[in-house]
Amino acid sequence: MSANHPVLARLGSGPEAYERLGISRDHIEPREDGMRTDGGKGTFEWWYFDAYLADGSKLVITFYTKDYMEAGKPLAPFADIVLDRADGTHVAAKTAAFTTDFAASADSCDVRIGPNRFVGDLHTYDIHVETEEIIADVVLTGEVPSWRPETGHFFFEADEHLYFAWLPSVPQGRVEASLTIGGNTTKTSGIGYHDHNWGNVAMNKVINNWYWGRGQAGPYTVIACYLIAEERYGFTELPIYMLAKDGEIVANDNTKVMFTRTELHDDTETGKPVGDLLTYTYADDSATFIVTWRRQETILRDEFLNEVHGFKHLIARLIGFDGAYMRFSGELTVQRYEGENIIETESDEAIWELMYFGRTHDD
C-alpha cells in the first residue's frame with residue numbers, strides 16, 4: 001500500500017484502548033513494568049536504565065529478552081552495559097545469553113538473566129550487571145512519578161493487531177552506583193532514568209526513525225520523542241512529550257507539541273541526517289515551553305549492517321537496508337514563556353538518541 005493510502009498507525013488513547021488493555025488512565029500499576037510478553041517468537045522486550053553520574057560518567061544498562069532486531073527468533077536474554085567516562089574512556093560489554101537461566105515476573109519488574117538482575121517497584125530499583133570487563137551495582141530511587149503517553153501503546157494496521165509499548169517507569173531519580181573495572185571499584189552518585197519497552201512486531205517493520213531524549217535542567221524533567229512510522233503507514237508522525245517541574249507533571253498533551261530539527265548534516269560514518277539542534281515547542285493557554293537539545297558530541301554509533309554477516313549481509317545490501325543508531329551528548333535547555341516574554345531558562349547536560357531503522361526519509 002502506498003504512502004498515499006497509508007495503513008493506520010496511532011497512539012492508543014481512547015476509553016476503548018484503556019479497557020482493552022486493562023489499564024487505567026490515571027494510575028500505573030507495578031505489573032506494567034513486569035514482563036508483558038512471553039519472550040517467544042514474534043515478540044521483543046527490554047528494560048532500560050541510563051544515568052549522568054557526578055564524576056562526569058554516562059552509564060547505560062539494558063536487559064533484553066532477545067536482540068530487538070530479531071523479534072522472530074526465540075528467547076535469548078542478555079544484558080548490555082555502556083560506560084563513557086569524562087576522560088574519554090569507553091567501556092561497552094554484553095553478558096552471555098542465559099537462555100536457560102532466565103526469569104521475569106509478570107507482577108512487577110523482577111528480571112534475572114544468569115547472575116544479572118533488574119528489580120524494582122516503580123519507585124526503587126536495584127540493578128546488577130557483571131561481565132568480564134565491568135561489574136555494576138546501581139540503586140535508582142524515583143523523584144518523578146511513573147508516567148506513560150496515554151496508554152503507552154502504539155498500534156499498527158487496520159485491526160491494530162501489531163503494537164509496541166513504552167512505559168517511562170522512572171522519568172527521573174537519584175542514583176547510587178558502584179562500578180568495578182580491572183579490580184578497582186569506584187562509588188559515585190547521579191541522576192537516572194528507567195523505562196520499559198515491549199511489542200509483537202520488529203520495530204524496523206513499523207518505524208522509520210525516531211529522536212528520543214530525556215534530561216533534567218534545574219527543577220525541570222523532560223522526556224520527548226518524535227517517531228516517524230514506516231512508508232506503509234504514511235510516515236505518520238507520532239510526537240511524545242512530558243515536562244515536570246519539582247516532581248509534578250506540568251505539560252504532557254502530545255497534540256500541543258511542535259517539533260523541528262535544524263542545523264542538519266549527514267553523519268560522516270552512517271550517512272544519516274542528524275539535526276544538531278532539536279526543538280520541541282509546547283503551547284497552551286497558560287504558558288509556552290520551548291525545550292532544545294544541542295548536540296556537542298556523538299558518543300555512540302552502531303550500523304546494523306556490521307552486525308549481519310554472510311548471506312544475510314548480502315541480502316540486506318541488495319534491499320537497501322542501512323539502519324543505524326546514534327547516541328549524543330550535549331546541552332538541554334528549558335525555557336518558559338508568558339506571551340513573548342521569557343520567564344525562566346534552565347540548562348544542563350543530557351543524553352539523547354537517533355534510531356534510524358529504515359531508509360533515509362526526507363521531511
Side-chain angles (χ1 to χ4, degrees), residues 48-62 82-92 168 171-172 190-193 195 207-218 220-228 237-243 257-282 289-304 306 322-336 342 345-363:
Y48 170 91
F49 161 84
D50 73 35
Y52 258 105
L53 302 176
D55 62 3
S57 300
K58 306 173 187 71
L59 177 66
V60 178
I61 296 171
T62 314
V82 177
L83 175 67
D84 288 287
R85 287 175 156 170
D87 64 3
T89 305
H90 176 77
V91 179
Q172 180 182 302
I191 297 295
Y193 165 91
D195 70 13
I207 296 297
N208 182 273
N209 71 87
W210 74 53
Y211 279 99
W212 171 87
R214 72 94 187 165
Q216 176 194 26
Y220 289 100
T221 299
V222 60
I223 300 172
C225 184
Y226 201 82
L227 299 93
I228 296 180
E237 299 173 355
L238 299 165
I240 301 299
Y241 185 92
M242 188 281 286
L243 185 69
V257 180
M258 181 178 68
F259 170 79
T260 60
R261 56 174 190 161
T262 52
E263 301 181 25
L264 284 169
H265 68 279
D266 290 338
D267 181 68
T268 55
E269 294 187 28
T270 67
K272 296 301 184 184
V274 173
D276 281 349
L277 182 64
L278 309 180
T279 303
Y280 293 81
T281 302
Y282 183 101
F289 295 97
I290 296 180
V291 176
T292 59
W293 273 269
R294 175 166 290 282
R295 187 186 72 90
Q296 295 175 343
E297 184 180 3
T298 301
I299 60 176
L300 178 66
R301 290 180 177 89
D302 187 1
E303 294 184 78
F304 299 154
N306 294 338
D322 62 349
Y325 172 85
M326 283 173 278
R327 188 176 296 152
F328 313 109
S329 63
E331 185 176 60
L332 165 68
T333 299
V334 179
Q335 292 182 311
R336 182 169 68 91
I342 299 176
T345 299
E346 300 283 356
S347 296
D348 209 334
E349 59 182 346
I351 298 171
W352 64 99
E353 69 183 26
L354 170 60
M355 176 70 84
Y356 235 112
F357 290 110
R359 298 181 181 182
T360 300
H361 164 57
D362 295 326
D363 294 336

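Keep in mind that the numbers below use all heavy atoms, side chains included, and drop hydrogens, waters and symmetry copies. Numbering of residues begins at 1 and proceeds along the displayed sequence.
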Over all atoms of both residues, closest heavy-atom pair of [X] and [Y]:
| X | Y | value |
| --- | --- | --- |
| Gly213 | Trp352 | CA-CB, 3.6 Å |
| Thr333 | Ser347 | OG1-OG, 2.8 Å |
| Val82 | Ala92 | CG2-CB, 4.2 Å |
| Lys58 | Ser329 | CE-CB, 3.6 Å |
| Arg85 | Ser57 | CG-OG, 3.5 Å |
| Ala217 | Glu346 | O-CB, 3.5 Å |

Side chain proximity check, [X] to [Y], heavy atoms < 4.5 angstrom:
| X | Y | result |
| --- | --- | --- |
| Thr298 | Arg327 | no |
| Leu277 | Thr292 | yes |
| Gln296 | Glu331 | yes |
| Phe328 | Val274 | yes |
| Met326 | Leu300 | no |
| Leu243 | Tyr280 | no |
| Ile228 | Ile207 | no |
| Arg295 | His265 | yes |

Handout entry: Arg214 and Asp50 ion-paired at < 4.0 Å
Key = yes
Exercise for the section: Look at Lys272 together with Asp267 and state whether they make a salt bridge at an N to O cut-off of under 4.0 Å. Expected result: no
Find the distance between [atom1] ([X]) and [atom2] ([Y]) and round it off to the nearest 0.5 Å.
| X | Y | atom1 | atom2 | value |
| --- | --- | --- | --- | --- |
| His90 | Ile299 | NE2 | CD1 | 8.5 Å |
| Met242 | Ile223 | CE | CD1 | 4.0 Å |
| Leu332 | Leu278 | CG | CG | 10.5 Å |
| Tyr325 | Thr270 | OH | OG1 | 13.0 Å |
| Leu59 | Leu83 | CG | CG | 6.0 Å |
| Met258 | Thr281 | CE | OG1 | 4.5 Å |

Handout entry: Steps toward side chain to side chain contact (heavy atoms under 4.5 Å, CB included) verdict (Val60, Tyr48)
Key = CA-CA 8 Å; Val60 178; Tyr48 170 91; 3.4 Å; yes
Practice task
List the steps and the verdict of side chain to side chain contact (heavy atoms under 4.5 Å, CB included) for Ile240 and Leu227.
Solution key: CA-CA 8 Å; Ile240 301 299; Leu227 299 93; 4.1 Å; yes
Practice task
Report yes or no: do Glu237 and Tyr226 form a side-chain donor-acceptor pair below 3.5 Å?
Solution key: yes
Problem - Centroid-centroid distance, Trp212 to Tyr193, less than 6.0 Å - result: yes
Completion exercise
The side-chain hydrogen bond (donor to acceptor under 3.5 Å, both in side chains) partners of Tyr211 (sequence neighbours excluded) come to none
Aromatic rings [X] and [Y]: how do their planes relate, parallel, tilted or perpendicular, breaks at 30° and 60°?
| X | Y | value |
| --- | --- | --- |
| Tyr220 | Phe289 | perpendicular |
| Tyr282 | Tyr241 | parallel |
| Phe357 | Trp210 | perpendicular |

Fill in the blank from the handout: Hits for salt bridge (charged side-chain N to carboxylate O under 4.0 Å, His left out) against Asp266, two or more places apart or cross-chain, chain-then-number order -> none
Practice task
Show your reasoning for whether salt bridge (charged side-chain N to carboxylate O under 4.0 Å, His left out) applies to Glu263 and Arg294.
Solution key: CA-CA 10 Å; Glu263 301 181 25; Arg294 175 166 290 282; 2.9 Å; yes
